[in-house]
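The block underneath contains the structure these notes are about, expressed in structure tokens.
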Amino acid sequence: MHLIRLMRGIIAISVQRELTHRANMAFEALVALVGAAAGLLALSIVFTHTPTLAGWSQGETVVLLGTFQIISGLLAAFVEPNLSWFNGKVYDGQLDEILLKPVPSLFMASLGVCHPWSLVSVGLGIAITAAGVAQLEQAPSSARLLLFLLLLLAGTVLAWAARAIVACVAFWAPRFEPDVLYDAFWQLGRYPVSIYHPLIQRLLVTLVPVAFITAIPAQALTRGSDLATLAGALAAAAISIGVAGTVWQAGLRRYTGATA
Amino acid sequence: MKRQIQVLYHYVMHFVLQWFGSRSFVFTLAINQAMPPLVGLAVWTSALPGQRLSSYYLALLFTRLATVSYENHTFSGRIYNGELADDLLLPAPVVLRTLGENLALRCWHLLIGLPLMLAIPFVLQVEFELGHVVLALPAVGIAACLQFLFTYTLALTAFWTERAHGMAGFGATLIFLLGGEAAPITLLPGGLRTLGEALPFRAMHGFPAEIAAGTLTQSAMLTGYAWQILWLGCFVLIAAQVWRAGIRRYTAVGG
């Protein structure tokens with residue numbers, strides 16, 4: 001409850017700060033819009049030549065793209081402003097300030113600042129998902145929609161945990177910058193994973209679990225799913241929080257601070 | 001001219017060594033650059049198996065690594081933080097420093113991408129005809145010039161706006177869509193294809209790959225080269241004009 005109140009405060013402060021740069025807001029919204037339109041157009045070009053892509057119809061692939069965009073937008077709004085170039089913070093000792101605050105350090109380090117305008121991407125992701133649903137032969141039932149939302153929630157938690165674990169690499173290898181590489185592999189999640197080489201597929205369900213995070217909710221919405229999948233996803237999300245916390249604590253034991 | 005080439009050579013060597021110090025970062029940059037053509041390869045070989053798209057996307061990977069440009073990072077930053085004032089005092093054109101860093105980064109990208117470019121033909125059984133590759137090389141050179149001028153001009157918008165990086169992002173989206181990355185230009189639907197063939201994005205990205213893959217007729221190749229040279233002339237003029245206008249607005253730190 002305390003963390004939820006804190007999160008509300010973080011969002012309110014971030015909104016106030018960003019409202020002083022309204023032109024930036026309009027520009028970022030435009031960038032997000034052009035990016036989303038380009039992604040959709042690229043997909044529609046593919047489907048002028050083929051009815052399915054690795055067994056996914058056009059509507060299903062658009063839903064997958066929308067799901068990818070929603071989770072990527074949430075990460076960009078709440079996680080990336082904190083964890084991008086995280087190794088620099090470890091290297092410079094900037095974590096000291098976070099560690100002195102009376103709240104869980106992982107929470108502050110990964111969610112302490114937010115970038116509200118990236119939520120425009122989330123809105124566009126919802127619109128793309130809706131456009132994909134409209135192309136499906138059969139509209140999904142409300143039960144499927146509920147399942148989709150719950151799986152989306154589990155996927156977002158998993159995405160946060162995976163990103164936090166990647167950031168923790170900085171405690172062991174502060175000179176290594178995994179952000180760009182992780183993001184490059186993350187971008188592969190906008191298409192059905194089965195189009196890639198088996199080796200890449202394995203990577204996309206383990207190290208960078210974007211295939212797992214986006215494909216399962218998208219499939220639940222387009223083809224239906226079952227409660228066992230939901231239970232598995234929620235359990236995976238809960239376990240991922242524990243793993244991220246453990247890795248974070250192990251990493252912190254290696255952190256020596258700015259003056260050490 | 002000889003002196004300027006010497007200065008450029010020294011800048012290239014300087015930045016090759018400087019970026020060697022950040023080799024793990026350059027490695028991640030190169031992999032990031034290699035990803036879009038590889039995704040295109042995966043998407044199109046899955047959508048249209050059996051077509052000569054593997055060789056197109058492999059050639060596109062080479063073109064991308066050989067033409068990579070980061071002036072929105074390397075040069076815009078110098079405008080924003082006032083370091084450009086130092087460059088203006090030097091007895092050499094300011095662009096040489098940026099060009100030197102650009103060429104050094106391209107060398108590193110090609111070197112890092114080399115194992116990938118050698119491995120893919122074995123995995124996917126991609127074949128190239130030597131004649132097509134030779135014909136494509138001048139196009140890669142012109143594309144590299146075009147890409148540099150395009151990104152440099154967008155980076156120069158830093159004189160007017162704090163969003164030069166976003167401007168470069170717009171440029172990258174256009175190259176993705178109309179440069180032959182989202183789909184080879186020949187696979188674009190009617191009107192978009194005509195537009196794509198004439199706009200500069202294909203000239204700076206997909207055109208050399210089309211030649212290397214052997215998908216162009218002789219007349220189509222000559223037309224493509226004509227477009228490249230036309231756009232090169234336009235880009236040189238535009239970059240020079242934007243630089244002249246921008247430098248009049250520039251106020252250094254403390255100015």
Side-chain angles (χ1 to χ4, degrees), chain A residues 21 23-24 26-56 58 61 85 87-88 169 173-201 204, chain B residues 21-36 38-49 51 53 70 73 119-120 123-124 157 161-190 192-193 196:
Chain A
H21 307 286
N24 280 1
F27 188 81
E28 290 200 20
L30 195 64
V31 169
L33 188 68
V34 171
L40 260 184
L41 197 58
L43 260 190
S44 64
I45 293 167
V46 173
F47 281 98
T48 55
H49 295 276
T50 178
T52 59
L53 184 65
W56 290 60
Q58 185 167 4
T61 317
W85 311 115
N87 60 332
V169 170
R175 290 302 237 177
F176 184 61
E177 286 150 340
D179 296 31
V180 182
L181 202 60
Y182 185 81
D183 187 53
F185 278 97
W186 176 265
Q187 296 299 327
L188 298 182
R190 61 177 67 232
Y191 293 107
V193 69
S194 36
I195 64 168
Y196 302 115
H197 190 272
L199 198 70
I200 305 281
Q201 286 185 32
L204 294 180
Chain B
S22 310
R23 49 196 175 276
S24 64
F25 182 55
V26 186
F27 176 79
T28 59
L29 286 181
I31 299 295
N32 196 32
Q33 288 292 338
M35 216 48 107
L38 295 179
V39 171
L41 173 71
V43 169
W44 284 101
T45 47
S46 177
L48 298 174
Q51 295 210 10
L53 291 166
Y70 294 106
H73 294 283
I120 290 175
V123 177
L124 298 176
T157 58
T161 163
E162 287 177 19
R163 294 270 135 198
H165 189 57
M167 298 295 286
F170 266 126
T173 305
L174 289 172
I175 293 172
F176 167 73
L177 261 186
L178 297 166
E181 197 163 278
I185 296 292
T186 46
L187 293 178
L188 292 182
L192 208 58
R193 179 180 171 173

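Below, chain A is the first sequence line, B the second, and so on; all start at residue 1. Here the structure is a predicted model, which means the values were calculated and not measured.
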A:Thr61 versus A:Pro192, closest heavy-atom pair with distance: CG2-CD, 3.9 Å
Shortest non-hydrogen separation from B:Gly180 to B:Ile185 and the atoms involved: N-CD1, 3.9 Å
Main-chain N/O of [Y] paired with [X] side-chain donor or acceptor, under 3.5 Å:
X	Y	result
B:Asn32	A:Leu181	no
A:Thr50	A:Thr52	yes
A:Gln58	A:Phe47	no

Summary of side-chain hydrogen bond (donor to acceptor under 3.5 Å, both in side chains) pairs that have at least one residue in residues 162-190 of chain B, sequence neighbours excluded: A:Asn24-B:Arg163, A:Glu28-B:Arg163, B:Arg64-B:Glu181, B:Asn72-B:His165, B:Glu181-B:His205
[options]: which one forms the most heavy-atom pairs within less than 4.5 Å of chain A?
options	answer
B:Gly169, B:Ala182, B:Ala42	B:Ala42
B:Val43, B:Leu174, B:Val123	B:Val43
B:Ser22, B:Gly166, B:Ala47, B:Ala172	B:Ala47
B:Leu177, B:Leu188, B:Thr161	B:Leu177

Chain A contact via B:Ala183 - side chain, backbone, both or neither, heavy atoms under 4.5 Å: side chain
Side chain / backbone / both / neither for B:Phe170 at chain A, heavy atoms under 4.5 Å: side chain
Chain B neighbours within residues 36-44 of chain A, where any heavy atom lies under 4.5 Å away: A:Ala38, A:Leu41, A:Ala42
Working for side-chain hydrogen bond (donor to acceptor under 3.5 Å, both in side chains), residues B:Tyr70 and B:Gln33: CA-CA 11 Å; B:Tyr70 294 106; B:Gln33 288 292 338; 3.2 Å; yes
Qualifying residues under side chain to side chain contact (heavy atoms under 4.5 Å, CB included), relative to B:Phe27, sequence neighbours excluded: B:Ile31, B:Ile112
Residues which pass side chain to side chain contact (heavy atoms under 4.5 Å, CB included) with B:Leu48, listed by chain and number, not counting sequence neighbours: A:His49, B:Trp44, B:Gln51, B:Leu53, B:Leu187
Side chain, backbone, both or neither of A:Ile200 within contact of chain B (heavy atoms, under 4.5 Å): neither
